[in-house]
Amino acid sequence: MNNTSENLLEVQDLKVYFPIASGIGTQRGAIKAVDGVNFSMKKGETLGLVGESGCGKSTTGRAILQLLPVTSGKIFFQGENLNSLSLNQIRQRRANMQMIFQDPFSSLDPRYTISQVIAEPLKNFRFGSQKAMQNRISELLELVGMNPAYANRFPHEFSGGQRQRIGIARSLALNPSLVIADEPVSALDVSVQAQVLNLMEDLQKKLSLTFLFIAHNLSVVRHISSRVAVMYLGRIVEMTDSKSLYAMPLHPYTEALLSAIPIPDPVLELKRERIVLKGDLPSPANPPAGCHFHTRCPRAAAMGNPEICRTEAPQLLEKSSNHLAACHFADYAAKKEG
Amino acid sequence: MLKFLVRRVLGLVFVIIGVTFVTYAMGYLAPGQDPIKALLGQHYTLAAYHNLQVKYGLDKPWEIQYLNFLWNLLHGNFGLSYRYPGQSVNDIILPSIGVSVELGLSAFILALFIGIPTGVAAALQRGKWIDTTLMGTMLFLYAIPAFVFIPFYQVLMDILVAHNLPYLPVSGWEGSIYFKIAPIIILALTNTGYYARITRTVMLEVLGQDFVRTARSKGVSERAVIYIHAFRNAMLPLLSVIGPSLAYLVSGAFVVEDLFNIPGVGYQGINAVFNRDWPVLQATVVILATAVVVMNLVTDILYSIVDPRIRVS
Amino acid sequence: MDIEKKSESMLEHEILSSPLEMEPDILAAEQNVSTPLRDSFRRFTQDKRALVSLTIVILMVLTSLILPPIYQRIGPVLSLRHGFLHAAPSQYHTPWFINNEYVDKGPSSLYWLGTNYLGQDLLSRVLAGIQVSMLVAVMVVGLLDVGLGVLFGVLAGYYGGIIDTVLARFTDLIFAFPGLLFAVLITGIFGQKAIQTAGNNGMLILVSFTLGLTVWPQMARYVRGQTLQLKEQQFIEAARTTGSTSLQIIIRHILPNIASLVVVAATLDISGAVINEGVLSLLGLGVQPPGSSLGLMINESISNIAQYPYETLLPAAVLAVLVLCFSFIGDGMRDAFDPRTKD
Amino acid sequence: MPHLLEVANLTTEFHTRAGIVKAVNGVNLFIDPGETLGIVGESGSGKSVTALSILRLLPTPPASITGNQILYQNQDILKLNEKQLRALRGGKISMIFQDPMTSLNPVYTVGFQIAESVRLHMNLGRKEAIDRAIDMLDKVGIPSAAKRINSYPHEFSGGMRQRVMIAIALSCNPELLIADEPTTALDVTIQAQILELMKGLTHEFHTAVMLITHDMGVVAGSTQRVVVMYAGSIVESATTTQLFAMPAHQYTKALLRSIPRLDDEDGKRLEPITGQPPDLLHLPKGCPFAARCPKAQQQCKESVPALTEVQPGQFAACFYPF
């Protein structure tokens, strides 16, 4: 776990707070978007980061790429702490870590042709002659399943799925080792989602990419990730390989999340017991004390609201082999299942 | 809400201080003849010169002069005229304020009451010939400045007079209501066009929003959809442009007062320029700027009353 | 985080909200290449009102430049002041030549558009007036409005912080001088000095400078707002992740994307500049006789409007046409570049 | 038993500058009292436009709604005048929309917005209407309803706003509720709450529901019958059990295969539908799905298959079903 050299990426106690300004310069408080996140990624694996809106999953991804100011914590990428680098040094590292964006409409400059979009990273890192660049662009377009003949067209002539392919081509232009995909299919139609997911899977194998796959949809994450981390209000509450997560979730939030996802099978739906969480997500500006989840937690309720849940924040600990959960009563689930 | 108000008022004070400073600096830097010499004429004694310098406060360094200027301003005293010995600026400018307020406010209200309903009507008839005609007219009114309308108006009146038809006066203000009709309407034209165009745009935007569809899906009548649901929302962006649009009234007022010989603030200001009477010009600028800033504050307050999202925070 | 929800039924939404402008996203993509710029151009060329206006403006400007040298060769040599003075058309067909023997005359073969109360040639004065209007417009809008407005607007929007605060305060201050007040103040106080130093050219520079100073904060505000919106777009973030520097992002992505807004706003500001120059001249604060400007022509003749209405209405009408044309062009450009603002 | 609502040959077109967009193309469907019908489809399939056409909520122009009839209890909605239509909207048929953030009027209190509907349709006075509004807020699970009645929409979260929308929609005891993607804008855990709430309340009031969604999972869990739309047409119509057990249309089959499922076995590769949906401006001559269909034959490209019964209660518009 602490062997930094083996891990491509290691995030230690990452915190990202956004100040809430209250008028005349004074700070009223902070939105704790990411509040102490730890995880690491090996080369070639795909980690799925899931959670509902406002849980801090996208912020985590952007913080890793140094796209927004990190409040505290360390981010080791290829053994080097990114937080200690200058802006210019970070810019140099960008060749190695790329991002795929959520919105296929706003992630491509409407005034750029497809080839200009893909050329941007190549130009920034002095890829070579004009000719070499054109060849590389054609190669990338073919790689993502687009006809290179379209290179001189503008984004508005393409559908959402096609634009997402173009965005993927851009992110791969510099042969990055880490790609952070921020909800890459959530803006796409269901029938197109599968195309893009398969493409990403193929590319990962072909180019031995490391993916951090951020999504709110657990069934999508399941397909593409070898490991999954679930976030709630700025913290990781559970992290394990995707098989055990779906087979035996230890955290009550994961349980509820899984049970809330409808399955396209009426027979199964009829039989399933659904855990419906009470109430709304608390504000990240003012998260509940103790375990962030205790206000909505069905397990705590079933156990008569133990005091420890309200007072002490549970640590993310290994509860069974390679299965981490941040719940005072994680064993309760294991016993129930067992 | 109170905090918001305090902040706005503080900002306003700073802006007005800025205005006075710029105005003062300009008057101080003004090239040309020494005003004291101008007042004294060809023959004067050094003692008389000095006396007058003290009286006008021009013997002190500039920063003291400015502070004095501010101090007097706080007491509603704009100082002494350079042009008319023995007259204070207040004597000259105060009577004109009432005239300008009457002219400006009437024109403003007229513009609101014609512009906004016109805009709403055009929005409801979008794309039809009524819309095209109304908006063409409104663009015309908005684009053509008052000083183009006025000559045409005057010629029209001359023709009416020549044919013994009823007509309106082409100059003056005090006397009867007939003097006031034309200046007010002509001053209102630009803003009428502006309000109508903005209202149409805003109404169309609001009418396309989801909550309007919700209202219709509830069975609310089209009238209520427009006046209860859409218009109240359209008022928000409207209010935010009405404040700045008052500036047009002021520049329009210069021209209208000048060409109609209406003794308002703008008229006095222009006269002061030709008389090189800087204290009067300074007073004009400060009064008009304050008027606009205060009106902006008023629209801000109205805005926060109409919009519950601001009211709370 | 709401984007996915928005685009779920993107197409349906698109149809409902902007029905007349639906650009089909699922284009069969077999037609000839359309670019955003080309689309705007096509929309503009379909706007008849704007096209006619553009033609009129071009014709007026060309006439004001080409006609005077020709006009100055046409006409007999006049014998004036009982034969004491002989004047060639190159003299009396100028804006400033005073001819006491041809005062307040209507159009004739000698003076095509007639003369004013001093016997000056109205055609020459109108053409010179158009030149002045356009010159001021170019200086005000081209240099100060666009130059300063874009520079400070982009910097304030992109970097925020101190630049933004300073811009905001400065804008507040300028906006507190409503309309022409600032220009009246400056030209009133420094006008004579400018005339003494550099004649009417000096006056024009002073007028342009003061007018420019009052319009650019508005442009900067527009640009700032648009820049802030663009900054939210993911392609800006994407540019950063691909290793572009801030300067590169501004030059490659921000500027091209605000260009249409700037062009539209600048066109509309031209109307404003033409009007404001007219107002200042009308109030006697702009170009001084014997120079000519449309506003000054109105100023000179309006006291005699009862006897000679034509002398006032002519410059007024020319100015109205000029201003209206620029408004129509600006309106057409806005519809062309941003079809969403039109219904 | 007569149908509650019967739509016959509904066609909705949008006249745009680029041409005529055929958003809904000859749709026939019905809904019975108390039943929940799902309408499922992707973006641009015409499902929302169908719903909006039923209540004639589309601006005409640019939209034009033609069709044989939309029969609601022996009344043809297409022939109603403004007044009759208003009595129907919100009274007999009410609607919930996708985006709870924009569907409520930001400048009025939620109490006003519920009471407005009540006063229009239930002949109640101001006071009674407010009482009814408090009742409804309470029913949809908003705590301390009597106090919250004076709150503005921005003071509620997305899920809470959707509850308010439901309160408005159900406040006049409608016989039919049209829910247009009511949970798409919400998080999954909130979606579960809202679906549960809708199910409970519509059952309690015996309200028929037309549930429009793109989520096959939601359809499976909440409906009795399903209509599948593609490119403006109904391609399949069946009971929910039939549809998922044995989808008949090739599109339905392909769609179900392409969706990532929570209960998929590990390492299963998704089977995407190739290509893109057709451009509604230039619909192909034959079956709209032909270009993406693995089983398409020459016939499919030439003529449009009609919706025919392929087994009792199951209809598909496909030449080669199953």
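Every chain is numbered from 1, with letters handed out A, B, ... down the list of sequences. The structure displayed is predicted, hence computed values, not measured ones.
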Inset, instruction - Check step by step if side chain to side chain contact (heavy atoms under 4.5 Å, CB included) holds for B:L236 and D:V107. - result: CA-CA 10 Å; B:L236 301 174; D:V107 301; 4.2 Å; yes
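- Side-chain contact check for B:T214 versus D:F97: some heavy-atom pair is nearer than 4.5 Å.
- For B:F14, the CZ atom is loosely surrounded, since the number of other residues' heavy atoms within 6.0 Å does not exceed 12.
- By a heavy-atom distance cut of under 4.5 Å, D:M165, D:I168 are the residues of residues 165-175 of chain D near chain B, going up by number.
- Remark: B:S221 OG to D:E82 CD distance equals 9.0 Å, nearest 0.5 Å.
- For B:V220, the parts sitting under 4.5 Å from any heavy atom of chain D are the backbone and the side chain alike.
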Inset, instruction - Take D:E116 and B:H229 through the side-chain hydrogen bond (donor to acceptor under 3.5 Å, both in side chains) test and state the conclusion after the steps. - result: CA-CA 11 Å; D:E116 185 183 32; B:H229 287 275; 2.8 Å; yes
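- Residues B:R213 and D:L52 form a side-chain contact, since some pair of their non-hydrogen atoms from C-beta on lies under 4.5 Å apart.
- With chain B as the partner, the residue from D:T109, D:N105, D:L55, D:L120 showing the most heavy-atom pairs under 4.5 Å is D:N105.
- Open room surrounds CD on B:E205; 12 or fewer heavy atoms of other groups in view lie less than 6.0 Å from it.
- Within 6.0 Å of CD1 in B:I177 there are 12 or fewer heavy atoms belonging to other residues, nucleotides or ligands.
- Surrounding CG of D:N81 are more than 12 heavy atoms belonging to other residues, nucleotides or ligands, all under 6.0 Å away.
- In the displayed structure, D:K92 atom NZ is contacted under 6.0 Å by at most 12 heavy atoms of other residues, nucleotides or ligands.
- The closest donor-acceptor contact from the side chain of B:K218 to the backbone of D:G91 lies at 3.5 Å or more, if one exists at all.
- Counting only distance, with no hydrogens or angles, the side chain of D:Y108 and the backbone of B:I228 share a donor-acceptor pair below 3.5 Å.
- Note that the CD1 atom of D:I178 and the OG atom of B:S217 stand 9.5 Å from one another [nearest 0.5 Å].
- The two residues D:P106 and B:P308 have their closest heavy-atom pair at O-CG, 3.2 Å.
- Residue pairs satisfying the salt bridge (charged side-chain N to carboxylate O under 4.0 Å, His left out) criterion with at least one member in residues 70-81 of chain D, sequence neighbours excluded, are listed as follows: D:D76-D:K79.
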